[in-house]
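Below is one structure, written out as structure tokens, with a few remarks after it.
These numbers come from the heavy atoms of this one structure, side chains and all, not from hydrogens, waters or symmetry mates. Lettering of chains follows the sequences in order, A, B, ..., and the numbering in each one begins at 1.
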Amino acid sequence: MSSAKLVAESGKILDVAAKDAPLTVRGLTVSYGNKPAVFSVDASIPAGSMTAIIGPNGAGKSTFLKGTLGVVPRLSGEVRIFGKLFEDARDRVAYVPQRASVDWDFPARVIDVVLMGLYGSVGLFRLWRARHRAQAMDCLKRVGMADFADRQIGQLSGGQQQRVFLARALAQNAEFYLLDEPFAGVDAATERAIVSVLKELKAEGRTVVCVHHDLSTVAEYFDRVLLINVRRIAEGPVDTTFTAENLQETYGGRLAATHIDELHLA
Amino acid sequence: MIDDLITALGAEFVQLSLTPIVIGTLAAIACALPGNFLLLRRQALIGDAISHVVLPGIVAAFLVTGTITAVPMMIGAGAAAIVAVIMIEIVKRLGRVEPGAAMGLVFTTLFAAGVLFLEITDTSSVHIDVQHALLGNLESLIWFDAEGWGSLLDPAALATLPPQLPRLAVVLVGITLFIFLFWKELKISTFDAAFAGAIGIRPRALGFALVVATAVAAVAAFDAVGSIIVIAMFVCPPASARLMTNQLARQVGWSVIFATISAVLGYVFAGYGPGWFGSPYAVSAAGMIATVSGVILILTCLFGPQRKRTGQHAEA
């Protein structure tokens, strides 16, 4: 079926179609102390797809993202981004960490944060220039935050902070977007704005992966899912993979049967 | 009054006060610059830790070499700083304690060990003691050969400047260059280390470089001004500066201004202040400089334009 399954079965060869896929992961294991947070996970994200990474709290979803990007050290496993090592494909990838992972009291304005996304195009020992500012403003417009460019970031609401993070990722002009819980604690208007930007990215042929919590919106927002609970439970198109059976396995007893019923799954 | 001022800034001033003021200012700025980033990374205590472990480092260097010349002292202090940073990491990981506790534990232990070291070592013939370690000897860094402002243009007189002055000037230039050249990287990795890692900045390597810059500043400043100023300057000017602005570059600028004001006013108050109240004795310049920086912090807490920023969060 999916290339990931093929990888999992053979453990060696990736099929040709997946070779230059935005993300191919084999046997990724990341551990904090003695306890593995992610254990031997395989995944294969096809180009132009929009994938939700789903699993209970503490299942290693964020760690999986960080492990693929080398933000946390990998214990074992192989990761290929567009068929290359991440270090060689860095400028094709944009990563949006969890909003709560940074200190929003940091002395910076909204525009300063978006400019960080243009780091790669500024050059060593040089500073941001007027053309970078213009680019950053364009990105702020796309997320509806242009009026806030000079606002201190500590004065933003949670939803506005998340939009600023998305604008910073847009500034990277990447082909592959990895977002860690972009909808956590945001208002409904922000959620709509973010979804519409992500769908634009997909329409432009870019690939999107989100760590996602809200099971009720999975089918509406995404076309693929990756179910993780330390190990990989299942991966594939929403229609065939986002099933009651797989969810039950992913969440164990933690997901009430009535909740699954409400999702109206196949 | 004007005559007083001319006398105050005359030849005697150049000989007795100019070099201590300049050295105090250089030391204050050299510590305040990296202090900005330590503060924002919630690592302000690391400056404290490093400046304390300088003492055992210096005593150890004296035990090994038997002299108190500058180079072995600075190597000893630098080595002690590195040992302390490694010990903090070990305590953090093995002891599973929070970073602040690990730092507090390591530097107090090492400083206490340094004091014991000092007591059981025969250092009576040389000038190292706890008092010196804490308060330095800023007042004694006078320029013997200066005969007035003209000496600033006299190569022979310049050659007799206290060696701490050129040493601190070099250190300050180095730290300024480091912060200027890696401005983007320091800013991004301080704000968002995970993002920095993903875009190819190496946050751990940069964090280590920052600690090295801190250690260099602490060791160079310690010799001239003692650890009280070093500790105060790592924290007070940056913390005051944060209350003045919401932009990092301006914060760094304000911290330099506050460090300079602390050093100059502190020295003047210590040397001349008691005289204004009829006392013939001067007080410790290092103590006064640290006190002035604390007073500036209190003033910015009360009147700084950005003092109310927390609590203004408009939650969604």
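Nearest heavy atoms, Met116(A) versus Ile188(B): CG-CG1, 3.5 Å. Closest non-hydrogen pair, Arg242(B) versus Gln152(A), comes out as NH2-NE2, 3.9 Å. Among all heavy-atom pairs drawn from Phe195(B) and Tyr95(A), the shortest one is CD1-O, 3.5 Å.
Arg42(B) touches chain A through its side chain: at least one heavy atom from C-beta onward sits under 4.5 Å away, while N, CA, C and O do not. Val96(A) does not touch chain B: none of its heavy atoms, backbone or side chain, sits under 4.5 Å away. Contacts of Gln247(B) with chain A are made by both backbone and side-chain atoms, with heavy-atom separations under 4.5 Å. Using a 4.5 Å cut-off between heavy atoms, Ile153(A) touches chain B through its side chain atoms alone. Heavy atoms of Val72(A) lying under 4.5 Å from chain B are absent altogether. Only the side chain of Gln172(A) comes within less than 4.5 Å of a heavy atom of chain B; its backbone N, CA, C and O stay farther away.
We find the CZ-CG distance between Arg168(A) and Asp192(B) to be 4.5 Å, quoted to the nearest 0.5 Å. Rounding to the nearest 0.5 Å places CG of Asn246(B) at 12.0 Å from CG of Asp150(A). Taking CD1 from Ile199(B) and CG from Leu69(A), the interatomic distance works out to 12.0 Å, rounded to the nearest 0.5 Å. For the atom pair Tyr119(A) OH and Ile201(B) CD1, the distance stands at 4.0 Å (nearest 0.5 Å). Rounding to the nearest 0.5 angstrom, the gap separating the CG atom in Leu127(A) from the NZ atom in Lys187(B) is 9.0 Å.
In terms of non-hydrogen atom pairs under 4.5 Å with chain A, the most contact-rich of Ala198(B), Ala249(B), Gly197(B), Gly200(B) is Ala198(B). Ranked by non-hydrogen atom pairs under 4.5 Å with chain B, the options Thr190(A), Asp91(A), Asp180(A), Val102(A) are led by Val102(A). Counting heavy-atom pairs closer than 4.5 Å to chain B, the top residue among Ala169(A), Pro107(A), Ala94(A) is Pro107(A).
The side-chain heavy atoms of Leu248(B) and Phe106(A), taken from C-beta on, include a pair separated by under 4.5 Å.
Tyr32(A) OH: more than 12 foreign heavy atoms inside a 6.0 Å radius.
Ring centroids of Phe125(A) and Phe182(B) are separated by less than 6.0 Å, placing the two rings close together.
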